[in-house]
S.K.: 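Please read through the structure below; I'll follow up with questions.
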Amino acid sequence: MAVISLPYRYLERLTGADKETILQRLPMIGSEVERVEDDHADVEFFPNRPDLFSVEGVARAMRGFLGIETGLPSYTVQPSGISFFVDPNLSDIRPFLGSAVITGVSFDEESIVSVMGLQEALHWAVGRGRSKVAIGIHDLDEVTPPFRYIASPRTRRFVPLDFDHEMSMDEILAEHPKGRDYAGIVKNFPLFPLIVDANDNVLSFPPIINGELTRVTKKTRNILLDTTGTDAKAVTTAVNIICTAMADGGATIESVEINGRQVPSLAPSERTVSVRECCDLLGIELSAKEIAQLLEKMRFAAQPAGKGNVRVQVPCYRADIMHDWDIFEDVAIAYGYDRFPARISETFTIGSAHPARILGGTVRAILAGLGFLEMMPFTLTNERVLYDMMQRPRSSLPLRIMHPISEEHTVVRTDILPLLMEMLQANRHRELPQKLFATGDVVEGIVTGQKVAGVSCHASADFSEAYACMDALAHELSLVYSVAESSDPAFIEGRRGDVRVNGKTVGVFGEVHPAVLNAFELEHPVAAFELDLTAVPGYCVPEDIP
Amino acid sequence: MGTSVENVTQYAYQLSQNGLLIVQPTIEHSYSLTDEGKIYAEKGLPERQLLNSFNDKITMKELQKHPLSKIGVGWLRKKGWVTIKDGIVYKTGNDSVGEDEQSLKNLNYIGGIQELVKRNLVHDQETRDYTNTLTSEGKSIPILKLDLRDEVGTLTRNLIISGEWKNLNLRRYDVTKLPRVVYCGKSHPYQRLIEGMRQIFLEMGFTEIHGGLVQSSFWNFDALFQPQDHPSREMQDTFYLKECMELPGCWESVKAMHENGGETTSTGWGGVWKKEKAEQCVLRTHTTSLSIQHLAAHPEPPVKAFCIDRVYRREAIDPTHTPEFEQLEGIVMDKGVGFTHLLGFLKEFYQRMGFEGVRFRPGYFPYTEPSVEPEVWVDGLGWVEMGGAGIFRQEVTAPFGIRYPVLAWGLGVSRVAMLRLGLKDLRLLYRSDISWIRKSPVYRPERQKSGGEV
């Protein structure tokens with residue numbers, strides 16, 4: 001998530017409102033105020049609104065939302081006369097380039113921090129960690145146009161940012177901190193992306209590092225912006241968001257010629273949306289004029305277009321508007337989520353519980369009636385608990401997690417009994433007798449099933465108690481079964497039984513083996529049982545996937 | 001005394017319940033290494049061992065050959081000792097000895113002990129000692145006890161059928177004494193809360209759905225229009241499995257939707273959608289994967305469905321995070337339903353749960369538009385965020401032939417449980433103290449533990 005720092009002085013100056021009003025209303029455009037400090041607030045914005053990742057962008061949105069200045073912000077772009085050549089050899093490496101010239105910049109601490117923060121947040125939200133888009137900001141006055149974006153041999157040397165000596169691009173990947181961080185994006189290519197000026201000075205090795213030559217300082221007055229990447233739309237989005245933020249901060253934007261095209265245009269895109277569709281989706285009645293007014297508050301240009309439509313101009317920085325409904329959400333936000341009535345729909349349906357859940361409830365009622373207390377252990381466990389401590393041989397059945405977070409949780413449970421033994425262990429200082437059960441999902445292979453297990457721990461717990469409980473449970477579940485001598489090593493030989501239904505073993509019960517009791521640090525006998533609920537007559541498997 | 005520690009504790013407890021004894025506990029912690037902890041105390045934490053196993057960098061493939069890589073790589077990243085780019089692991093140099101490592105070497109150093117307890121490398125043994133003092137009432141008991149009379153204690157079958165009971169002097173009980181304690185067998189307090197929530201949705205006419213814990217990425221992410229490069233799909237947040245699942249017949253329309261918006265007014269995400277990525281299985285990260293499958297199977301209106309079930313996120317365990325937890329999922333699809341109805345269902349549910357104050361803020365979820373975050377008022381806490389909701393985007397519904405709006409919500413259940421059951425540690429729901437369950441009453445008056453009026 002992007003947490004943006006908003007210094008009050010700069011925010012108030014750009015917005016034209018006091019910080020109390022701004023902070024109070026900010027959540028209602030879609031954000032969360034994380035921290036309120038003496039001189040700034042940290043606010044989290046959603047990843048679909050990268051245009052709000054700068055003080056300038058927030059101020060622009062809040063001016064509309066607070067009614068200080070509504071409608072489409074207009075941005076004029078003059079040609080800079082500067083051109084940028086793109087090497088066709090980059091087409092398989094990092095083909096797309098966006099650029100702009102930004103003049104009349106007057107940086108102070110706050111605006112430099114804002115721009116750098118915006119750049120980082122865009123790298124995360126739009127650039128996907130620089131792989132999709134990387135952004136370079138350069139002091140234009142240190143270099144000479146025209147510029148070239150080329151595929152360069154990896155041996156090319158230049159002085160990277162924060163270093164005082166020349167390094168080859170290969171050395172940068174191995175030794176520069178940014179090189180090590182982002183090497184993965186380029187290292188498999190035979191040639192590396194490089195931006196140079198007319199005199200072959202290096203501006204940048206995207207997406208890794210800029211050259212020291214074009215470092216931006218408080219003295220910088222004119223900027224060359226480059227965005228490179230693997231996705232044309234994302235490259236343009238990044239340019240538009242940075243340019244509009246800097247223009248709002250007082251700078252002038254000029255275009256650059258790339259392959260014969262002037263970029264950026266910063267022109268809005270257009271959509272015509274239906275008043276009816278909007279009202280139906282939101283559930284409130286609004287006229288075309290009202291919708292247009294609400295959208296103007298969200299910094300769109302909008303006017304009724306006849307035939308029950310509204311023509312909307314979408315500012316170039318709103319990369320999240322993919323579909324008409326995205327516009328309707330902005331209508332709702334401008335209207336105010338707090339003003340919407342909450343209604344119950346008239347949709348008539350007859351409720352029904354899922355058979356598997358009904359069975360679970362029945363099992364709970366039966367075992368509670370037998371005096372058992374329910375536990376709800378995790379479904380994630382490990383083979384040590386599931387098999388080793390139970391003296392059972394390891395099996396290929398359990399589903400293994402590829403990247404477990406601890407040794408405790410490496411597989412999904414295939415049985416519930418071992419987890420109940422863990423519960424007895426955790427409660428071994430509590431009063432006896434302890435009669436516990438648990439029921440729920442288990443997974444074998446990738447198939448989810450349901451089981452129930454119970455344990456009874458006290459001085460006289462024995463085989464006959466386990467058998468009696470299992471029999472009562474089976475009887476109440478209408479499960480006709482037979483019993484065969486079991487060979488389950490978790491139980492004492494001669495004091496264990498398998499539950500058999502239609503020639504298949506579907507459960508086990510008996511007196512838990514003393515070695516297992518030792519493994520779980522228990523000092524009293526345990527009578528235990530476990531039953532596969534998918535064996536219960538009429539068990540309903542989850543519905544089919546279409 | 002010829003009796004166990006447990007019994008003495010129990011007797012003392014009962015005496016104190018009767019006001020005869022004052023029991024004052026003192027609690028001390030003693031820390032000891034677990035078996036796993038002992039190994040690491042000698043050889044270093046897995047991440048330290050891993051770090052020491054290579055020089056400046058190493059390929060991930062090579063590093064994974066190390067027996068400790070499964071545990072260690074995550075910690076290496078978490079601690080910022082390495083960065084990983086395109087399969088190469090680089091040392092960052094920021095790998096000074098941490099608090100946890102100091103504590104592992106010396107258990108008397110408590111700086112990193114809690115971290116080690118969390119990782120189950122150190123066992124935290126709580127020792128309770130009790131100082132017992134007789135109350136004045138307690139001291140008077142032995143004198144009363146001398147007052148014995150000739151009485152019959154038990155009404156036997158023989159006494160009943162012989163008529164002898166007419167001449168009996170049956171011993172009187174002192175009704176001012178507390179009863180012997182017996183415990184009910186019962187379902188878990190958390191389960192009872194879940195049952196209450198199920199009841200609300202069943203009463204409102206919803207169909208309950210149920211499905212597998214293992215889902216394809218297709219149903220968990222792609223069918224919900226989550227782009228394949230979305231950060232929430234990364235392995236840091238999701239439990240991926242090596243197994244794959246075959247895609248349903250409609251996968252090509254989902255692919256078109258991602259790439260160009262298919263036949264809707266949407267632009268799609270652009271880029272190239274990969275089938276192989278969609279086939280990989282995950283432990284479901286939300287039950288929305290079940291909702292979309294239910295809708296795909298029932299594309300004609302009306303549909304009202306819900307489920308309350310377990311979901312998985314790759315989170316380290318702490319008092320407010322567990323790698324698995326319950327989610328309350330609901331969908332309503334019908335002609336003429338809209339945003340106001342979504343708010344209506346959410347408000348109705350929370351008010352039936354006893355939260356009088358409910359409000360709504362804009363939210364963002366990749367598969368809904370508009371999106372909303374419901375909040376409820378809790379005395380002493382203020383507005384508490386409860387989850388996410390919205391109307392499924394057309395990019396989600398169109399590939400499955402769904403023509404009407406789908407209202408959808410995914411709400412946190414454990415958060416409500418903590419509020420209602422007065423718990424501060426989420427872990428107690430899943431690793432419960434049985435004396436807490438024994439004492440927690442089956443029936444609670446409505447609204448007792450919830451928000452109250454705003």
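Residue numbers begin at 1 in each chain, while the letters A, B, ... track the order of the sequences.
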S.K.: Heavy atoms only: give me the nearest Ala426(A)-Arg431(B) pair and the separation to one decimal.
M.R.: CB-NH2, 3.8 Å
S.K.: Go through the steps to decide whether Phe339(B) and Phe340(A) satisfy the test ring pair (Phe, Tyr, Trp, His ring centres under 6.0 Å), and finish with yes or no.
M.R.: CA-CA 9 Å; Phe339(B) 193 58; Phe340(A) 272 89; 5.0 Å; yes
S.K.: If only atom types and distance count, is the side chain of Asn427(A) paired as donor or acceptor with the main-chain N or O of Ser432(B) below 3.5 Å?
M.R.: yes
S.K.: Using the ring of each side chain (for Trp, its six-membered ring), is Phe378(A) parallel, tilted or perpendicular to Tyr430(B), with breaks at 30° and 60°?
M.R.: parallel
S.K.: Side chain, backbone, both or neither: which part of Phe206(B) has an atom under 4.5 Å from a heavy atom of chain A?
M.R.: backbone
S.K.: Using non-hydrogen atoms and a 4.5 Å limit, figure out which bit of Arg359(B) sits close to chain A: side chain, backbone, both or neither.
M.R.: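 Arg359(B) has no heavy atom closer than 4.5 Å to chain A.
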S.K.: Chain A: which of Leu241(B), Leu202(B), Val332(B) shares the most heavy-atom pairs with it under 4.5 Å?
M.R.: Leu241(B)
S.K.: I need the residue from Ala332(A), Ser131(A), Pro27(A) with the largest number of non-hydrogen atom pairs under 4.5 Å to chain B.
M.R.: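 Counting heavy-atom pairs under 4.5 Å, the top option is Pro27(A).
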S.K.: If we define contacts as heavy-atom pairs under 4.5 Å, which of Asp280(A), Asp231(A), Asp324(A) has the most with chain B?
M.R.: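 Among Asp280(A), Asp231(A), Asp324(A), the one with the most close pairs to chain B is Asp324(A).
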S.K.: With respect to chain A, which residue among Ile434(B), Leu343(B), Thr207(B) yields the maximal number of heavy-atom pairs within a distance under 4.5 Å?
M.R.: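 Ranked by heavy-atom pairs under 4.5 Å with chain A, first place is Ile434(B).
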S.K.: Looking at every heavy atom in both Lys233(A) and Thr267(B), which two are closest together, and how far apart are they?
M.R.: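 It is NZ-OG1, 3.8 Å.
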S.K.: Out of Arg128(A), Arg180(A), Arg49(A), which one racks up the most heavy-atom pairs below 4.5 Å with chain B?
M.R.: Arg128(A)
S.K.: Pair Ile437(B), Met375(A) - check side-chain contact (heavy atoms from CB on, under 4.5 Å), show working.
M.R.: CA-CA 9 Å; Ile437(B) 303 180; Met375(A) 304 299 272; 3.6 Å; yes
S.K.: What's the spacing between Arg313(B) CZ and Ile405(A) CD1 if we round to 0.5 Å?
M.R.: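 Reported to 0.5 Å precision, the distance equals 13.0 Å.
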S.K.: Given heavy-atom pairs under 4.5 angstrom as the criterion, report whether the side chain, backbone, both or neither of Leu282(A) touches chain B.
M.R.: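 Contact with chain B is through both the backbone and side chain of Leu282(A).
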S.K.: By a 4.5 Å heavy-atom criterion (distance strictly below it), what part of Lys347(B) contacts chain A: side chain, backbone, both, or neither?
M.R.: side chain
S.K.: Could you verify whether a donor N or O on one side chain and an acceptor N or O on the other, from His323(A) and Glu395(B), lie under 3.5 Å apart?
M.R.: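 Short answer, no.
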S.K.: Could you look at Glu203(B) and say if it's the side chain, the backbone, both or neither that has a heavy atom under 4.5 Å from chain A?
M.R.: neither
S.K.: In terms of heavy-atom proximity below 4.5 Å to chain A, should Trp269(B) be classed as side chain, backbone, both, or neither?
M.R.: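 Its backbone and side chain both get close to chain A.
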S.K.: Counting heavy-atom pairs closer than 4.5 Å to chain B, which one of Met423(A), Met28(A), Glu407(A) comes out on top?
M.R.: Glu407(A)
S.K.: Looking at every non-hydrogen atom in both residues, tell me the closest pair between Arg364(A) and Ser187(B) and how far apart they are.
M.R.: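 Answer, listing the atom of Arg364(A) first, then Ser187(B): CD-CB, 3.9 Å.
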S.K.: Return yes when atom CD of Glu246(B) has more than 12 non-hydrogen atoms of other residues, nucleotides or ligands closer than 6.0 Å, and no otherwise.
M.R.: no
S.K.: Taking side chain as everything from C-beta outward and backbone as N, CA, C, O, which of these in Asp433(B) sits under 4.5 Å from a heavy atom of chain A? Side chain, backbone, both or neither.
M.R.: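 It is both, since atoms from each part get that close.
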S.K.: Take Arg384(A) and Glu36(B) through the test side-chain contact (heavy atoms from CB on, under 4.5 Å) and record every step on the way to the result.
M.R.: CA-CA 12 Å; Arg384(A) 193 173 50 82; Glu36(B) 196 186 349; over 6 Å; no
S.K.: Evaluate Val214(B) against Val412(A) for side-chain contact (heavy atoms from CB on, under 4.5 Å), listing each step before the verdict.
M.R.: CA-CA 10 Å; Val214(B) 182; Val412(A) 184; over 6 Å; no
S.K.: Under a 4.5 Å cutoff for heavy-atom pairs, which residue among Pro362(B), Pro323(B), Gly338(B), Gly185(B) has the most contacts with chain A?
M.R.: Pro362(B)
S.K.: Mind checking the CE-CZ spacing from Met322(A) to Phe225(B)? Nearest 0.5 Å is all I need.
M.R.: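 If we round to the nearest 0.5 Å, Met322(A):CE and Phe225(B):CZ are 3.5 Å apart.
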S.K.: Tell me, out of Glu32(A), Lys435(A), Glu346(A), who's got the most heavy-atom pairs with chain B below 4.5 Å.
M.R.: Glu32(A)
S.K.: What closest approach, in Å, do Glu329(A) and Ser371(B) show between heavy atoms, and which atom pair accounts for it?
M.R.: OE2-N, 2.7 Å
S.K.: Measuring from Thr347(A):OG1 to Lys304(B):NZ, what's the distance to the nearest 0.5 Å?
M.R.: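 With rounding to 0.5 Å, OG1 (Thr347(A)) is 6.0 Å from NZ (Lys304(B)).
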S.K.: Look at Lys242(B), Arg393(B), Arg198(B), Met204(B) and state which one has the largest set of heavy-atom pairs under 4.5 Å with chain A.
M.R.: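 The answer is Arg393(B).
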S.K.: Quick one: CE on Met402(A) to SG on Cys281(B), what's the gap to the nearest 0.5 Å?
M.R.: 11.0 Å
S.K.: Mind listing the closest non-hydrogen atom pair of Phe360(B) and Tyr337(A) along with its distance?
M.R.: O-CB, 3.6 Å
S.K.: With sequence neighbours left out, what residues match Phe65(A) under ring pair (Phe, Tyr, Trp, His ring centres under 6.0 Å)?
M.R.: none
S.K.: With a 4.5 angstrom heavy-atom cut-off, could you sort out which part of Val282(B) is near chain A: side chain, backbone, both or neither?
M.R.: neither
S.K.: Pick from Glu243(B), Arg310(B), Lys70(B): which one has the most heavy-atom pairs with chain A under 4.5 Å?
M.R.: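 Option with the greatest count: Arg310(B).
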S.K.: Check whether any side-chain N or O of Glu374(A) sits under 3.5 Å from a backbone N or O of His188(B) as a donor-acceptor pair, and report yes or no.
M.R.: yes
S.K.: Please look at Gln280(B) and chain A and tell me whether the side chain, the backbone, both or neither of the residue comes under 4.5 angstrom of a heavy atom of that chain.
M.R.: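 The answer is the side chain of Gln280(B).
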S.K.: Can you tell me if Thr340(B) uses its side chain to pair, donor with acceptor, with the backbone of Arg343(A) under 3.5 Å?
M.R.: no
S.K.: In terms of heavy-atom proximity below 4.5 Å to chain B, should Gln425(A) be classed as side chain, backbone, both, or neither?
M.R.: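 For Gln425(A), there is no contact with chain B at all, as no heavy atom is under 4.5 Å.
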S.K.: Counting only heavy atoms closer than 4.5 Å, note whether Lys118(B) contacts chain A via side chain, backbone, both or neither.
M.R.: neither
S.K.: Can you measure from CD (Glu369(B)) to CG (Asn48(A)) and round to the nearest 0.5 angstrom?
M.R.: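 The CD atom of Glu369(B) sits 7.0 Å away from the CG atom of Asn48(A).
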S.K.: Is Lys187(A) paired with Asp86(B) through a side-chain N to carboxylate O contact shorter than 4.0 Å?
M.R.: yes
S.K.: Start with the C-alpha gap between His210(B) and Asp441(A), add the side-chain angles, then the distance that decides, and say whether side-chain contact (heavy atoms from CB on, under 4.5 Å) holds.
M.R.: CA-CA 11 Å; His210(B) 172 60; Asp441(A) 291 341; 3.9 Å; yes
S.K.: Less than 4.5 Å to any heavy atom of chain A: does that hold for the side chain of Gln191(B), its backbone, both, or neither?
M.R.: both
S.K.: Quick one: of Ile317(B), Leu346(B), Leu342(B), who has the most non-hydrogen atom pairs under 4.5 Å with chain A?
M.R.: Ile317(B)
S.K.: Side chain, backbone, both or neither: which part of Arg119(B) has a heavy atom under 4.5 Å from chain A?
M.R.: neither
S.K.: With a 4.5 angstrom heavy-atom cut-off, is it the side chain or the backbone of Thr83(B) that approaches chain A, or both, or neither?
M.R.: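 The side chain, not the backbone.
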S.K.: Nearest 0.5 Å, please: how far is CG in Leu283(B) from CG in Leu380(A)?
M.R.: 6.5 Å
S.K.: Heavy atoms only: give me the nearest Arg361(B)-Ser31(A) pair and the separation to one decimal.
M.R.: NH1-O, 2.9 Å
S.K.: Less than 4.5 Å to any heavy atom of chain A: does that hold for the side chain of Pro299(B), its backbone, both, or neither?
M.R.: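 Neither the backbone nor the side chain of Pro299(B) comes within 4.5 Å of chain A.
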S.K.: With a 4.5 angstrom heavy-atom cut-off, could you sort out which part of Tyr312(B) is near chain A: side chain, backbone, both or neither?
M.R.: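 Looking at Tyr312(B), just its side chain touches chain A.
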S.K.: Between Asp326(A), Val443(A), Leu281(A), which residue shows the highest count of heavy-atom pairs closer than 4.5 Å to chain B?
M.R.: Asp326(A)
